[in-house]
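The residues of the chain are indexed from 1 along the displayed sequence.
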Amino acid sequence: MLVKRMAIVLAAGQGKRMKSKLYKVLHKVCGQPLIGHVADALSGVAERAVVIVGHGAEQVRSYVEQTFPGRFEFALQEQQLGTGHAVMQAESLLQGEQGITFVVCGDTPLVSAETLQEMTDLHLSSGAAATILTARLDEPTGYGRIVRDEAGHVLRIVEQKDASPYELAIDEINTGTYCFNHELLFAALKNISNQNAQNEYYLTDVIGILQSQGEKIAAYCAPDPSEAIGINDRLALVAAEQAMRARINVGHLLNGVTMIDPNSTYIEKYVQIGADTVIYPGTILKGQTVIGEDCVLGPNSEITDCQIADDVQIRQSVLTQSTVGSHTTIGPFAYLRPGTSLGEHVKIGDFVELKNATLDDHSKVSHLSYVGDARVGKNVNIGCGAITVNYDGYSKHLTEIDDDAFIGSNVNLIAPVKVGKGAYVVAGSTITHEVSENDLAIAREKQINKPGYAEKLRNRKKPN
Ligand code: UD1
Ligand code: CA
């Protein structure tokens, strides 16, 4: 029999302890908001999912809707009266449903899809009314504790602030992730009160209520305790960042990527990297970046939303929304801005900036150039200091350079302008008109030498 699975994500709290203008679940871990990580873990696990919003409802909702279109419904919790009260706000949306309902806190970004699946399996096989994701921590302070009887059965959850000294010594904590029988959850919520240290309606009280009704409570202890990390302050944010980074980096290492120092290598979740690529410290790979095999990246490079083919070298450079063909070398100190597309065996050297520019195979821009709004063919050489003058203060204009052309050093190409195939533009020229195929263009003042004038000049300037 197929069991319907629902999920409720709690995300209405402000996160006072973050001391931030930003709502808690929008703080980022490895480049993605906390609630984005939770939403990822839930996709594929639950058919319907409701996010409880309150503080920053509009911002949280618009982030979730834009990032996971059509995947989530929303319920508003106007006043934050506690986690139990938050869950109740989903009741009318999920009225009449049957099956199992996950409850996950929006501030526990490390909870994984695999763990949610393991929990579901245990929940269904044990016939429990509720299954709690727990963890054993060396430092359980701040979390709710799992109270068990002598036989090891779960009795209830006690919050840190309500716990006795004996209970505070328990090292098994509530991660805030649960799997419930849908109808039993909402029935039990009718019986919770706010008679506790925080005067809040605790979701955790549902466990004790179900247990006292004779229902079975299961607990799945997370094999990796970092899945428990709940973000309440910036210290926990650091812990989550480190744990997430380690999880991502271990995945790439096991896939055949070399990292000289994984602790200083920052890779966001959706980045893909081919085998035998070597990454040096200080490298940051972001967004939807895809890196091929046998590349050498870094040190100190930032690559965002780029497609990098095989055998590419990128040293000390910044690349955004760019495509790079195989065997191309970039840097040190190059800046590839959005819309850059490089062919194979291209060379981009130091202090070169490219924007909205296509360079075909075997072309070279070796030093100190700006190439913007340009289409450059194959085997073109752009000399040191040559630039495209693409902006007249009002609009941007295109520069086209055909195959095999040679652009000398310090050339200004005043766009819109075209340089034909095999043409040669001599150093120092300012080009305002089209240069045709195989022509040589020279656009600079003729040199005048005045014999002996240097000495005369010095004599004139010398103090008496
Ligand atoms: C909660 C659990 C605690 C557990 C811990 C795990 C309760 C009573 N306690 O404590 O046992 O160890 O999580 O991280 O559930 N929220 C709302 N509306 C509210 C209150 C909270 O949506 O009225 C949301 C928050 O935005 C947050 C989540 O629920 O994402 C958890 O709330 P928080 O106040 O952080 O609970 P903890 O004190 O961490
Ligand atoms: Ca929390």
| task | Just do the side chain to side chain donor-acceptor pair (under 3.5 Å) check on D205 and Y201 with the steps written out, would you? | result | CA-CA 8 Å; D205 284 353; Y201 293 92; over 6 Å; no
| field | Verdict with supporting geometry, Q242 and N263, side chain to side chain donor-acceptor pair (under 3.5 Å) | value | CA-CA 8 Å; Q242 283 170 352; N263 292 321; over 6 Å; no
| query | Can D373 and K355 be counted as an ion pair, charged N to O under 4.0 angstrom? | reply | yes
| field | NZ/NE/NH1/NH2 to OD/OE distance under 4.0 Å, E268 and K286 | value | no
Side chain proximity check, [X] to [Y], heavy atoms < 4.5 angstrom:
X	Y	result
S126	K216	yes
H182	I100	no
L342	L336	yes
V324	I330	yes
L94	V50	yes
L203	L185	yes
P299	Q316	yes

Can you name the closest pair of heavy atoms from [X] and [Y] and give their distance?
X	Y	result
L210	I217	CB-CD1, 3.9 Å
V45	A113	CG2-O, 4.3 Å
T265	Y280	OG1-O, 4.4 Å
C221	A135	SG-CA, 4.0 Å
P262	N249	O-ND2, 2.9 Å
V154	Q211	O-CG, 3.4 Å

Polar side-chain atom of [X] near backbone of [Y] as donor-acceptor pair, under 3.5 Å:
X	Y	answer
S212	G208	yes
S20	M18	no
S326	D311	no
N174	I132	no
S363	V380	yes
T328	G343	yes
D350	F333	no
T289	V271	no
T388	N390	no
S322	C306	no

Tell me the salt bridge (Lys or Arg N to Asp or Glu O under 4.0 Å) pairs involving [range], sequence neighbours left out?
range	value
residues 6-31	K24-D107
residues 144-157	R148-E172, R156-E167
residues 218-246	none

Among all residues two or more places apart in sequence or in another chain, which pass the salt bridge (Lys or Arg N to Asp or Glu O under 4.0 Å) test with [X]?
X	value
D171	R136
E215	none
K364	none
E47	R5

| message | What verdict does the side chain to side chain donor-acceptor pair (under 3.5 Å) test give for S264 and D261, after you've listed the backbone C-alpha separation in whole Å, the side-chain angles of each residue and the deciding distance to 0.1 Å? | response | CA-CA 6 Å; S264 61; D261 179 13; 3.0 Å; yes
| Taking it one step at a time, do L116 and F102 satisfy side chain to side chain contact (heavy atoms under 4.5 Å, CB included)? | CA-CA 9 Å; L116 293 174; F102 293 96; 4.1 Å; yes
| query | Is atom CD of Q98 surrounded by more than 12 heavy atoms (other residues, nucleotides or ligands) closer than 6.0 Å? | reply | no
| F74 atom CZ, neighbour heavy-atom count above 12 within 6.0 Å | yes
Approximate separation, where rounding is to 0.5 Å, of [X] [atom1] and [Y] [atom2]:
X	Y	atom1	atom2	answer
R375	N356	CZ	CG	9.5 Å
I348	I314	CD1	CD1	11.0 Å
T141	Q160	OG1	CD	5.5 Å
L189	Y202	CG	OH	15.0 Å
M119	E114	CE	CD	13.5 Å
K269	D40	NZ	CG	3.5 Å

ring-ring contact (aromatic ring centres under 6.0 Å, His included) pairs, two or more places apart, involving [range]:
range	result
residues 305-327	H327-H345
residues 206-242	none
residues 117-153	none

| request: If a pair satisfies side-chain hydrogen bond (donor to acceptor under 3.5 Å, both in side chains) and one of its residues is in residues 79-90, list it, with sequence neighbours excluded. | output: H55-Q80, Q77-H85, H85-Q89
| field | For Y335, all residues meeting side chain to side chain contact (heavy atoms under 4.5 Å, CB included), sequence neighbours excluded | value | V318, R337, E353
| Of L137, I157, T134, the residue whose pairing with I173 passes side chain to side chain contact (heavy atoms under 4.5 Å, CB included) | L137
| task | Decide side chain to side chain donor-acceptor pair (under 3.5 Å) for Y270 and D305; before the verdict, give the C-alpha distance in whole Å, the side-chain angles of both, and the deciding distance to 0.1 Å. | result | CA-CA 10 Å; Y270 304 125; D305 295 324; over 6 Å; no
| query | Can you check salt bridge (charged side-chain N to carboxylate O under 4.0 Å, His left out) on E91 and K190, steps first, answer last? | reply | CA-CA 11 Å; E91 186 173 16; K190 306 250 180 322; 2.8 Å; yes
